[in-house]
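Everything below concerns the one structure shown next.
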Number of protein chains: 2
Amino acid sequence: MVTSKKAPTIQDVARHAKVSAATVSRVLSNPERVSEATRERVHKAVSDTGYTINQAARSLRMRAAKTILIALPDIGNPFYSTVLDAVVDEAAVRGYSLLVANRFAGDPSRLLSDYFLSSRADGLILLDGGVDTTLLQALATGDGHVPMVVSFDEAPKADVAAVLIDNLEAAERATEHLVALGHTKIGHIIGPSRNAAPNPRFVGFKNVMARAKLELRPEWLFPGTYAMDSGLAAAEAFLALPERPTAVFSANDEMAIGFVAALRNAGLECPRDISVIGFDDIAIARHFWPPLTTMHHPREQIGRLATESLIDILEGAATPGAPRRITLRADLVVRGSTRSLR
Amino acid sequence: MVTSKKAPTIQDVARHAKVSAATVSRVLSNPERVSEATRERVHKAVSDTGYTINQAARSLRMRAAKTILIALPDIGNPFYSTVLDAVVDEAAVRGYSLLVANRFAGDPSRLLSDYFLSSRADGLILLDGGVDTTLLQALATGDGHVPMVVSFDEAPKADVAAVLIDNLEAAERATEHLVALGHTKIGHIIGPSRNAAPNPRFVGFKNVMARAKLELRPEWLFPGTYAMDSGLAAAEAFLALPERPTAVFSANDEMAIGFVAALRNAGLECPRDISVIGFDDIAIARHFWPPLTTMHHPREQIGRLATESLIDILEGAATPGAPRRITLRADLVVRGSTRSLR
DNA sequence: AGGTCGTGTGTAATCGATTACATGCATCAG
DNA sequence: CTGATGCATGTAATCGATTACACACGACCT
């Protein structure tokens, strides 16, 4: 075992200031209940001893760890790590520590026992859309009653606080951008669907195609997983086509990038031969060649608002009743991968 | 406040199994000290009640939180988030939770008081090379005695356990690759230097240039910060050159990518007009156009080994005496951004 | 003078798990 | 039959912070 000099306790401070531990505690949490003179003596004792509160003891007594847990499907994915960045920041500002759980793959009950029943964390930010809706519901309102805020693509039906973008509507605007450029032959790389619901970005795409009375050919629809590889696969299918679309809306940037890169290998230039719009505006999108036109996903803001909402819930500052749902706007960012046909 | 049904305690289990709390505790941590029959009854009681240990209470009593802290300069950076990914994984396997601190910018004393004196975390994985060496030394061996493992580019002089690659040696091999391809006019995009020491990748570059008796022109050395933007800046300086190198070694991939992208905008093609080798092998490197030749930084392995080492130290399994230092090899990955001059 | 009230502080119980020590009981040697 | 030995289990102290309650003391009123 590693030895370390024992950290000073509240008792040490009390002795130093010649008061009781209770008074020290009060100075630290209810200063107004202590006389000016004592307060000063205690503060001096605190800095003299270098006292830092023992969180384990505090958690035990208060039944609150001042810690939140973020559960994500894949930290290594820049998309999630940007959200995480904002969450860490905001949590620190509010005095909370942040625990991270990764790839717990649809086993929310392990989260419950590992983190909440064992009172390691007070609340949960859930970024994994792969969690079954009924499990989610149970986690949020069942026995454990885990306070939580979710954020992922498929709007959950569950009765839970959420911070989201309107994927369907944003996908409509992405598609409209292509239509506005004069494209009539438009394909789509479809994102995966969760919980048996159709991918909302796909739905948005179909809506606009229908409204614009454009033909929606089945062979122009490429199934994908959001991974870059499905972009490559889509490119292969695309190249084999007898008649090709002039534009493609990819359900995310990774697939768009894979798609464009694979086409370039085959001699097709973007945007000369094909316009491509992505979705999410990941960091590389701007530095890719050509710079990718895409829908900006406000990840940073999502992380920040999710954290704020969760802590508001934890501290009772949230309005009771229906859980709050915040919907953010994803803005179109026109760069170099789409061009007008006119 | 949020109300939630109280989690069962060890007392509840004890009552259920008709034994004392001490026995339940023993079944859970020293099963061999309890008779077969009682052990079974307790196990049944545990699953009947759905008991989960209260970590706050355990931490208080044991003076150990079963939690490690990882401090990084920038979670959003894919480089770090890949390490983080491995760390989360490995920590979970060993039964540890993971706290994350981001951008604490050279204020290690705040880490000490916020996480260690307050006994929120038992050990530290430090990925931020920006920490002053003497502060680091103090943190590792001073009053608080924070058990830790570091990993960052500049080999710390501090007497601390570390998991690293040999940056200098790897930079030599990167440069040798360009030399072997027949390049004689070679430039370098220099990484930032920390703690007044020259960047080791720069040193490696200079070593090989000297050994190969190649001219090292000052105007072919471009200062950078590791951010993509410095690649753009380097490209501008490059384009203004009266005589240009035929190959460039960039101290990391981000700058290499920015460099290549900016050159392409100016009509220069890589590798036709210039060969570029990066360093780190970040995820995009393989999907960039052209696919980037680079040195593979074994981030995943670093995260895994750093976590293992730390937990070994925490659990007393580490060999006492000098802190262990593990040096990994960074392999050359030849892709499409470098070509032979012959 | 006696009582009421308010302010400031201390005492002690509490949160839940661990563990040194005590105890009870069975076994076995002499 | 007695006492030593060892195993299984219980009792109670402990970790450090919080807080209900008690108490002491002074101010003020009638």
Side-chain angles (χ1 to χ4, degrees), chain A residues 1 4-43 45-46 49-67 95 113 116-120 122, chain B residues 1 4-43 45-46 49-67 95 113 116-120 122:
Chain A
M1 274 303 290
S4 63
K5 196 190 287 184
K6 223 176 56 197
T9 74
I10 202 171
Q11 310 289 344
D12 299 327
V13 177
R15 218 170 302 126
H16 203 92
K18 303 198 189 311
V19 296
S20 73
T23 300
V24 177
S25 177
R26 277 187 287 254
V27 169
L28 266 27
S29 44
N30 294 81
E32 72 284 359
R33 301 183 42 69
V34 177
S35 76
E36 178 74 35
T38 325
R39 220 183 305 161
E40 271 174 23
R41 243 176 334 127
V42 170
H43 278 133
V46 166
T49 54
Y51 169 71
T52 313
I53 197 169
N54 181 316
Q55 275 297 335
R58 181 173 210 278
S59 299
L60 174 59
R61 181 63 225 236
M62 304 289 279
R63 303 166 163 290
K66 275 254 180 188
T67 297
S113 62
F116 296 99
L117 291 181
S118 65
S119 76
R120 275 200 232 243
D122 306 326
Chain B
M1 279 301 291
S4 64
K5 194 190 288 184
K6 220 176 58 198
T9 74
I10 202 172
Q11 311 289 346
D12 299 327
V13 177
R15 217 169 302 127
H16 204 91
K18 302 196 191 312
V19 295
S20 73
T23 300
V24 177
S25 177
R26 279 188 285 254
V27 169
L28 266 27
S29 43
N30 294 79
E32 73 283 358
R33 302 186 40 70
V34 177
S35 76
E36 177 75 37
T38 325
R39 219 183 304 160
E40 269 174 26
R41 246 181 326 134
V42 170
H43 279 132
V46 166
T49 53
Y51 169 71
T52 314
I53 198 168
N54 181 316
Q55 275 296 337
R58 181 172 209 277
S59 301
L60 174 60
R61 181 60 224 240
M62 304 287 279
R63 305 168 162 286
K66 275 256 180 187
T67 297
S113 64
F116 296 99
L117 291 181
S118 65
S119 74
R120 274 200 234 242
D122 306 325

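Naming: A, B, ... by sequence-line order, numbering from 1 per chain.
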Discussion item. On a heavy-atom basis, which atom in S118(B) and which in I53(A) lie closest, and how many Å separate them?
Written reply: CB-O, 3.0 Å

Worksheet item: Heavy-atom distance under 4.5 Å between the side chains of T67(A) and Q55(A), does that happen here?
Response: no

Discussion item. Quick check: on DNA chain D, is the nucleotide nearest T9(A) upstream (toward 5') of the one nearest A37(B), or the reverse? Name the residue that is more 5'.
Written reply: A37(B)

Fill in: Toward the 5' end of DNA chain D, by each residue's nearest nucleotide, R26(B) or M62(B)
R26(B)

Item to complete: Return the residues of residues 16-25 of chain B meeting this criterion: a heavy atom under 4.0 Å from some atom of DNA chain C. Order them by number, or give none.
Response: A22(B), S25(B)

Fill in: Whole-Å gap separating P (dC7(D)) and CZ (R33(B))
9 Å

Worksheet, complete the sentence: Residues passing the side chain to side chain contact (heavy atoms under 4.5 Å, CB included) test with A56(A), sequence neighbours excluded, are N54(A), S59(B), L60(B), S119(B)

Discussion item. Regarding L28(B), tell me which of base, sugar-phosphate or nothing describes its non-hydrogen contacts under 4.0 Å with the strands shown.
Written reply: nothing

Quiz: residues 23-34 of chain B side-chain donor-acceptor pairs under 3.5 angstrom, not counting sequence neighbours:
residue: T23(B); atom: OG1; partner: S20(B); partner atom: OG; Å: 3.4
residue: S29(B); atom: OG; partner: S25(B); partner atom: O; Å: 2.9

Worksheet item: Looking only at heavy atoms, what is the nearest atom pair of K66(B) and R120(A), with distance?
Response: O-NH1, 3.5 Å

Going by atom type alone, with no hydrogens or angles, which donor-acceptor pairs under 3.5 Å involve a side-chain atom of residues 9-16 of chain B and a protein atom two or more places apart or on another chain?
residue: T9(B); atom: OG1; partner: Q11(B); partner atom: N; Å: 3.1
residue: T9(B); atom: OG1; partner: D12(B); partner atom: N; Å: 3.4
residue: D12(B); atom: OD1; partner: R15(B); partner atom: NH1; Å: 3.3
residue: D12(B); atom: OD2; partner: T9(B); partner atom: N; Å: 2.8
residue: H16(B); atom: NE2; partner: D48(B); partner atom: OD2; Å: 3.4

Worksheet item: For E40(B) and dA8(D), what is the distance between atoms CD and C1' respectively, to the nearest whole Å?
Response: 16 Å

Practice prompt. Using a heavy-atom cut-off of under 4.0 Å over every strand shown, decide if T38(B) touches base, sugar-phosphate, or nothing.
Written response: sugar-phosphate

Practice prompt. Please give the angle, rounded to 10 degrees, between the axes at the start and the end of the helix from dA1(C)-dT30(D) to dG30(C)-dC1(D), where five pairs define each axis.
Written response: 60°

Item to complete: Could you tell me whether the side chain of E36(A) reaches within less than 4.5 Å of the side chain of R39(A), counting heavy atoms only?
Response: yes

Worksheet item: Which part of the nucleic acid, if any, lies within reach of R61(B) when heavy atoms closer than 4.0 Å are counted: base, sugar-phosphate only, or nothing?
Response: base

Worksheet item: Atom CG of N30(B) and atom P of dT9(D): how far apart are they, to the nearest Å?
Response: 14 Å

Practice prompt. Walk along DNA chain C from 5' to 3' and tell me the first and last nucleotide with an atom closer than 4.0 Å to a non-hydrogen atom of chain A.
Written response: dG8(C) to dG16(C)

